Number of protein chains: 2
Amino acid sequence: MVVDSGVADADRVFHALADATRRDILTRVIRSGMSVSELARLYPMSFAAVQKHVVVLERAALVSKTRRGREQIVRGEVEALRRVARLLDGYERLWRHRAAAIEEILEEEQ
Amino acid sequence: MVVDSGVADADRVFHALADATRRDILTRVIRSGMSVSELARLYPMSFAAVQKHVVVLERAALVSKTRRGREQIVRGEVEALRRVARLLDGYERLWRHRAAAIEEILEEEQ
DNA sequence: CTAACGTACAACCACATGGTTGTAGATTCC
DNA sequence: GGAATCTACAACCATGTGGTTGTACGTTAG
């Protein structure tokens with residue numbers, strides 16, 4: 001299937017997005033890079049929990065980390081974001097076209 | 001957060017999409033409605049497993065079922081698909097804009 | 001040098017997930 | 001009416017997930 005080139009990728013990406021904390025981390029980190037502990041302070045959970053969320057986002061290639069001294073700066077991955085956008089585009093277009101086609105049929109039937 | 005009106009919805013939707021079988025079911029039933037057992041025949045797993053996948057898609061409001069005799073016809077939910085498209089649009093635009101802004105900064109710095 | 005900080009990771013827990021088999025209720029076919 | 005079909009759902013199992021605490025290690029600040 002065209003849209004599913006890289007099924008595991010899609011799995012990882014959608015799974016990474018299926019958690020409100022991770023979506024929030026992602027949007028923050030796209031705005032500007034933040035260290036893991038800076039992120040950790042924002043949420044009502046332990047450092048370790050947030051660190052794990054970052055790992056999930058990392059494995060989905062949605063963020064990357066770069067050392068700055070003893071800190072690890074988390075950033076939204078511009079290239080990966082393009083990939084996701086394209087992935088979403090694929091589904092979106094596919095679904096919209098099909099949904100549109102269904103609507104036409106429904107309208108014709110009336 | 002604007003894009004997160006309905007966090008649980010987004011959770012359910014992304015989670016529903018984070019499985020290749022469910023994405024395949026979804027694209028098929030958008031094309032044309034199919035009974036649960038027709039779907040079940042397509043995958044190397046039990047009827048019950050497929051039925052559960054359909055339930056997950058249903059809870060995410062991505063599909064709906066309507067009885068036809070003893071069969072239950074699964075269809076892609078046109079209205080819900082619009083909602084998803086809008087949801088994806090929101091993230092996509094948000095991310096693209098931010099990604100674009102980051103790129104500009106990076107280019108300026110060079 | 002030492003203390004504090006930032007990170008990584010292991011071990012553990014409760015619960016969700018994705019799969020199985022089995023059973024039972026409707027509906028249709030003959 | 002009786003058999004076959006389609007669906008729903010419970011019970012069970014292995015594994016994954018999201019959280020915790022504790023520990024270890026590198027880096028920076030005093």
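Naming: A, B, ... by sequence-line order, numbering from 1 per chain. Computed from a predicted model, the values in this text were never measured in an experiment.
Distance, A/His15 NE2 to D/dG16 P: 12 Å, rounded to whole Å. Here C/dT20 presents its C1' atom at 14 Å from CD of B/Gln51, a figure rounded to the nearest Å. Residue B/Leu57 contributes atom CG, which lies 14 Å from atom C1' of C/dT17 at whole-angstrom precision. Rounded to an integer number of Å, the gap from OH of B/Tyr43 to P of C/dT20 is 14 Å. As a whole-Å value, the separation of A/Glu71 CD from D/dT28 P is 10 Å. When rounded to the nearest whole Å, the span between CZ of B/Arg70 and P of C/dA26 equals 16 Å. Distance A/Arg59 CZ to C/dA8 C1': 12 Å, rounded to the nearest Å. Rounded to whole Å, atom C1' of C/dG22 lies 14 Å from atom CZ of B/Phe47.
A heavy-atom distance below 4.5 Å is found between the side chains of B/Arg23 and A/Phe14. The side-chain heavy atoms of A/Val63 and A/Glu77, taken from C-beta on, include no pair separated by under 4.5 Å. When side chains are defined from C-beta on, B/Val56 counts as touching B/His15, because their heavy atoms get closer than 4.5 Å. Two residues are said to be in side-chain contact when any heavy atoms from C-beta on lie closer than 4.5 Å; A/Val29 and A/Leu39 meet this criterion.
Listed candidates were D/dT20, C/dG18, C/dT7. Nearest to the side chain of B/Lys52 is C/dG18. With C/dT7, C/dG6, C/dT20 as the candidates, the nucleotide lying closest to the side chain of B/Ala48 is C/dT20. Set against D/dG18, D/dT21, C/dT7, the side chain of A/His53 has D/dG18 as its closest nucleotide. Nearest to the side-chain atoms of A/Arg22 among the listed nucleotides D/dG18, C/dT21, C/dG18 stands D/dG18.
Each of A/Val56 and A/Gly69 was matched to the nucleotide of DNA chain D holding its nearest heavy atom; the match closer to the 5' end belongs to A/Val56. Take the nearest nucleotide of DNA chain D for A/Val50 and for A/Arg68: the residue whose nucleotide is more 5' is A/Val50.
Backbone-only engagement by A/Ser35 is indicated by non-hydrogen atom pairs under 4.0 Å involving sugar-phosphate atoms exclusively. Within the 4.0 angstrom heavy-atom criterion, base atoms lie near A/Ser46.
Using a distance-only test at 3.5 Å, with no hydrogens or angles considered, no donor-acceptor pair links the side chain of A/Arg22 to the main chain of A/Leu17.
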